[in-house]
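Below you'll find the structure, written out as structure tokens, and then a few comments.
Hydrogens, waters and symmetry mates play no part in the numbers below; they use all other heavy atoms, side chains included. Not measured: the values here are computed from a predicted model. Residues take their numbers from the sequence shown, with the count starting at 1.
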Amino acid sequence: MADPLLDRDAAAAALARVTAAAGPYLDSLAERAVHDPAAGGLLAGLGGPLPEHGAGTAAAVDRLLEIGTATATASSGPRFFHFVTGGSTPAALAADWTAGLLDQNAFARVSSAFAHEAETVVLDWLRDLVGLPPGWGGALVGSATFANFTALGCATQWWGEHRGADTVRDGLAGLPRMPVFSGGYVHASARKALQMLGHGRDAVEVCARDAVGRVDLEGMERRLAALGGAPAVIIANAGEVNAGDFDPVESLAELAARYGAWLHVDGAFGLFAALSPRTEHLVRGIDRAHSVAADAHKWLNVPYESGFALIREPGRLGTAFGMPGAAYLPGPQDPGGGYGLYGPESSRRARSLPIWATLSAYGRHGYRAMVERHLDLAGHLAWRVDEAPELERLADVPLCIVCFRVTAPGLPAAELDRWNRAVGEALLADGRVFCGTTVYGGRVALRPAIVNWRTTEADIDLFVDVVRELAERTRGHHG
Ligand SMILES: *Cc1c(COP(=O)(O)O)cnc(C)c1O
């Protein structure tokens, strides 16, 4: 086989093979271990030299399915509590395949009116879902990292404008460092975004009042006042990754208003607190922000890669990310223009389709029910932790993350840290459930996050049972 043209009628049959593999794989997710150490050897089957003569469509797809279904991390299943990892709802998964089938370039209206319209609709649905007022716009991007990048790119353009500079044309040359303030909850990806934008990752000045990272509002206000009216950026963290805590967005909005600062909210998963009356107070004040970043591949449960930035003044997107000057491309304001000119990527897939389908399928109420189920499951997990004599909860549970550790009376702090690290490593190696460690307030801890639509109470109970079993097994060396 040498040329795909010779295989041109093979696509539908190849898709049928994927469909045939999908049933057993999806059915297995509920019970399957997160990873199967025994299958690791199969990964070698991906390698070898670049094929000189291809095996043909069917053989290649079969091989991929065989290796993939055996060796994939079952992170879209209900027992993956590491990082903050959602799965794919049935509608989102089917629409993701549809995006592959239609292979749209969501660069602009001129490349796909369909993808452009779907993205416009979806951005407005997301805005509405999280309770932002009409008039906000945005862009779909690959991740919350890119959403932070997009929003802080707009903030950079705004900041330059307020200093009489055009950073889009001239970059940061000749300007002082852009002042950026945040609490200790600031996520590594916001720093990475600042790093990519040329400000450097240490551009963030952290105003924290304790070892956990709670924001020091007075300290931040002193720093803002010291700028003497020069523009600055504040990053509010709506949902931090260790315990799911929130900066007081409303108070930060107040500071931003008083000192004329740009308020950016990183709500990668925490933004979805807006969906439940039980937690909406946590994001009160986001409507006073200038930009908001979030992920759809976390709590919205659409496949990777899916993040979104929402911007109060959407016109800034075209200013910050347009590409004027290429004669064959439309400009951001041209009728043929579109989202490739409103964000960091140019050619891009129609990542609106899974979001459109999942919101169409389950609606606001379906998502509220899912979020509230996860709140209940986090409460159940906290209760199981509190019940277990060798487990100690380290933080309140405002949302969907439970931060705790294994403990025993009389063990020195360093020994406890080593034991908890050992439990974290044992959990990852075991694979029945999946969760890693963090350092919270100076102490090594586990921090399972519950955002997968498939997760039930039985999965949480299994998680606690496995943690206790592995704590016991590793205790010999530490306790
Ligand atoms: C996950 C996360 C990010 C980064 O998200 P990616 O999708 O991995 O880029 C940023 N901020 C917070 C608070 C997060 O939880």
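- Listed for the Ser76 side chain is no donor-acceptor partner under 3.5 Å among the backbone atoms of Gly87.
- Using a 4.0 Å cut-off between charged side-chain N and carboxylate O, Arg349 and Asp96 make a salt bridge.
- A donor-acceptor pair is defined here as one N or O able to donate and one able to accept, closer than 3.5 Å; such a pair exists between the side chain of Thr474 and the backbone of Leu470.
- When atom types are taken as modelled, the side chain of Thr167 and the backbone of Gly160 share no donor-acceptor pair closer than 3.5 angstrom.
- Aromatic ring centres of His380 and Trp383: separated by under 6.0 Å.
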Verdict with supporting geometry, Glu372 and Ser276, side chain to side chain donor-acceptor pair (under 3.5 Å): CA-CA 7 Å; Glu372 293 187 343; Ser276 168; 2.6 Å; yes
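- A salt bridge is defined here as a Lys NZ or Arg NE, NH1 or NH2 lying under 4.0 Å from an Asp or Glu carboxylate O, and Glu250 with Arg288 meets this definition.
- In this structure, Thr319 OG1 and Trp158 CH2 are separated by 15.0 Å, a value rounded to the nearest 0.5 Å.
- The backbone N or O of Ser306 lies less than 3.5 Å from no partner atom in the side chain of Arg351, so there is not a single donor-acceptor pair.
- Between Trp159 and His199, the ring planes lie perpendicular to each other; the angle is over 60°, past the 30° to 60° tilted range.
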Would His374 and Trp453 satisfy side chain to side chain donor-acceptor pair (under 3.5 Å), going step by step from the backbone distance to the final call? CA-CA 8 Å; His374 292 154; Trp453 66 277; over 6 Å; no
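- Using cut-offs of 30° and 60° on the angle between ring planes, the pair Trp356 and Trp125 is parallel.
- Atoms CH2 and CG, on Trp262 and Leu152 in that order, are 9.0 Å from each other to the nearest 0.5 Å.
- Checked against the 6.0 Å centroid threshold, His116 and Phe107 do not count as a close aromatic pair.
- The pair Glu415-Arg418 counts as a salt bridge, with a side-chain nitrogen and a carboxylate oxygen less than 4.0 angstrom apart.
- Using bins of under 30°, 30° to 60° and over 60° for the plane-to-plane angle, the ring pair Phe83/Phe80 lands in the tilted bin.
- The side chain to side chain donor-acceptor pair (under 3.5 Å) test with Asn148 is passed by exactly one of His264, Arg191, Lys192: His264.
- Looking at every heavy atom in both residues, Leu353 comes nearest to Ala99 through CD1-CA, 3.8 Å.
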Walk me through it: do Glu119 and Ser352 pass the test side chain to side chain donor-acceptor pair (under 3.5 Å)? CA-CA 5 Å; Glu119 185 155 350; Ser352 57; 5.2 Å; no
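- Salt bridge status for Arg223 with Asp216: absent, with no side-chain N to carboxylate O gap under 4.0 Å.
- At distances below 3.5 Å, not a single donor-acceptor pair connects side-chain atoms of Asn242 with backbone N or O atoms of Cys403.
- Between Arg384 and Asp461, at least one side-chain nitrogen of the basic residue sits less than 4.0 Å from a carboxylate oxygen of the acidic one, meeting the salt-bridge criterion.
- Between the NZ atom of Lys298 and the CG atom of Asn452 there is a distance of 14.0 Å, given to the nearest 0.5 Å.
- Of all non-hydrogen atoms in Ala147 and Val141, the two that sit nearest each other are N-CG2, 3.5 Å.
- Of the possible polar contacts, one joining the Asn420 side chain to the Val406 backbone as a donor-acceptor pair under 3.5 Å is found.
- For the residue pair Leu263 and Val249, the shortest heavy atom distance occurs at CD2-O, 4.4 Å.
- Side chain of Tyr367 to backbone of Leu300: a donor-acceptor contact under 3.5 angstrom is found.
- For the pair Arg447 (side chain) and Thr438 (backbone), a donor-acceptor distance under 3.5 Å is absent.
- The 12-atom threshold is not exceeded at CG of Asp396, counting heavy atoms of other residues, nucleotides or ligands nearer than 6.0 Å.
- Atoms NE2 and CG, from His290 and Leu310 in turn, are 14.5 Å apart once rounded to the nearest 0.5 Å.
- Here the closest non-hydrogen pair linking Leu394 and Tyr440 is O-CE2, 3.6 Å.
- In this structure, the separation between CG on Asn301 and CD1 on Ile355 is 12.0 Å, given to the nearest 0.5 Å.
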How far apart are the C-alpha atoms of Asp245 and Tyr185, what are their side-chain angles, what is the distance that settles it, and do they pass the side chain to side chain donor-acceptor pair (under 3.5 Å) test? CA-CA 9 Å; Asp245 196 17; Tyr185 290 162; 2.6 Å; yes
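- Salt bridge status for Glu221 with Arg258: present, with a side-chain N to carboxylate O gap under 4.0 Å.
- Ion pairing between Arg127 and Asp124 holds under the 4.0 Å rule for side-chain N and carboxylate O.
- Between the Thr85 side chain and the Phe81 main chain, no donor and acceptor come within less than 3.5 Å of each other.
- The minimum heavy-atom distance between Phe434 and Leu427, with the atom names listed, is CD1-O, 4.5 Å.
- Residues Val34 and Leu428 fail the side-chain proximity criterion, which asks for heavy atoms closer than 4.5 Å.
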Salt bridge (charged side-chain N to carboxylate O under 4.0 Å, His left out) for Arg405 and Glu390? Distances and angles first, verdict last. CA-CA 8 Å; Arg405 65 175 182 168; Glu390 80 283 26; over 6 Å; no
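- Look at Glu161 and Arg316 and you find a salt bridge, because one of the NZ, NE, NH1 or NH2 atoms lies within 4.0 Å of a carboxylate O, short of that distance.
- The closest donor-acceptor contact from the side chain of Arg201 to the backbone of Ala193 lies at 3.5 Å or more, if one exists at all.
- Taking 4.0 Å as the cut-off between side-chain N and carboxylate O, Asp376 and Arg278 count as a salt-bridged pair.
- His297 and Tyr304 have tilted rings, their planes meeting at an angle from 30° to 60° on a 0 to 90° scale.
- For Arg163 against Ala230, the heavy-atom pair with the smallest separation is NH1-CB, 4.1 Å.
- Electrostatic pairing of Glu240 and Arg214 does not count as a salt bridge here, judged by no charged N lying under 4.0 Å from a carboxylate O.
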Tell me, with the steps shown, if Asp287 and Arg312 meet salt bridge (charged side-chain N to carboxylate O under 4.0 Å, His left out). CA-CA 9 Å; Asp287 55 332; Arg312 169 196 293 281; over 6 Å; no
